[in-house]
Protein chains: 2
Amino acid sequence: MPVTLRPGQALGLWRSTLLAQVLADAPDLTTRQMAILLTIYLDPPPHTIRGLAAKLSVTKPVITRALDTMGELKLVSRHRDEADRRNVLVRRTVEGSLFVEGIGDIIIAKARDLPT
Amino acid sequence: MPVTLRPGQALGLWRSTLLAQVLADAPDLTTRQMAILLTIYLDPPPHTIRGLAAKLSVTKPVITRALDTMGELKLVSRHRDEADRRNVLVRRTVEGSLFVEGIGDIIIAKARDLPT
DNA sequence: CTAGCTTGATACGGATCCGAAACGAATGCG
DNA sequence: CGCATTCGTTTCGGATCCGTATCAAGCTAG
């Protein structure tokens, strides 16, 4: 069952959710950082720096720096791949899960309140 | 008719739309800039710097600079209020309308393709 | 063992953004 | 007519982000 949206609804939903992020005291993530975070939490593991960079068509330093930032916020964690110690595996955290769930709740709430 | 989304659908939709923005050659607007732009295009005019700042709970320089950036991109335009020449009125442009419509189209398309 | 490749991290220069504060221009009240 | 107030802009110092280029560590084939 596809979800059908009309233009006004779609944009209103988008703005409401953006607005909730701007108003929140929560850390203000970049568009790219948010895309990276959601990829980590929605796509099946494992996640490597190179894989994420390819998936988002950005350079590796972008991923490294985004993980630095989000790691300090405890939204993700890094671990060496013991099988191939060149790789770094990105893992989810409890805090990150709650953060992502919170975003989902916002979208759902805004969608429910959409004007016809 | 409320739009009902389940958590996975909501986050998937959000990520797909973010991803489309990251991948697009289109100008990469900040979260705040995007919120400002959508407010201008979704809320009824007139829009003043002070009004936008209050609506988004940010400082006035943030609005001024965002309008500088988006003005260069021709997404919005500024005009003196002849009634009270202290005010600056922000107006929509043809290019901005097309840009915003494009975002709406992306959201609608992604919503239609949502997995069940 | 070594030469070559892969992976993620770092250095660098440039650009952008932020909030606080100070600023001119315009208004309106006494 | 002054003078305080309002409005948008600019300035300032500090922080962050970007892409390119470079780096060290680890793997692998010969």
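Throughout, a chain's letter reflects where its sequence line sits, starting with A, and its residues are numbered from 1. Just so you know, these numbers use all the heavy atoms, side chains as well, and skip hydrogens, waters and symmetry mates. Worth saying up front: this structure is predicted, and the values here are computed from it rather than measured.
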Residue pairs passing the salt bridge (charged side-chain N to carboxylate O under 4.0 Å, His left out) test where at least one lies in residues 42-65 of chain A, sequence neighbours excluded: D43(A)-K55(A), D43(A)-R15(B)

L29(B) CG to T69(B) OG1 distance, which is reported to the nearest 0.5 Å: 8.5 Å

Interface with DNA chain C, restricted to residues 34-55 of chain A and to heavy atoms under 4.0 Å: T48(A), I49(A), R50(A)

Could you check how far [atom1] of [X] sits from [atom2] of [N], rounded to whole Å?
| X | N | atom1 | atom2 | value |
| --- | --- | --- | --- | --- |
| M70(A) | dC17(D) | CE | C1' | 14 Å |
| L56(A) | dG19(D) | CG | P | 12 Å |
| N87(A) | dA9(C) | CG | P | 11 Å |
| K60(A) | dA21(D) | NZ | P | 14 Å |
| D68(B) | dA15(C) | CG | C1' | 15 Å |

Pairwise side-chain contact, L67(A) with T64(A), heavy-atom cut-off 4.5 Å (strictly under): no

Min side-chain heavy-atom separation R80(A)-V88(A) under 4.5 Å: yes

Under 4.0 Å protein heavy-atom contact, by nucleotide of nucleotides 16-27 of chain C - B base, S sugar-phosphate only: -SBBBB----BS

Side chain to side chain donor-acceptor pair (under 3.5 Å) partners of E82(A), counting only residues at least two apart: R85(A)

Partner residues of T31(A) under the side chain to side chain donor-acceptor pair (under 3.5 Å) criterion, sequence neighbours left out: none

Over 12 foreign heavy atoms within 6.0 Å of CZ, R78(A): yes

T64(A) vs dA9(C): side-chain N/O to OP1/OP2 distance below 4.0 Å: yes

If you look only at distance, which donor and acceptor atoms sit under 3.5 Å apart when one is on a side chain in residues 98-110 of chain A and the other is two or more places apart or in another chain?
none

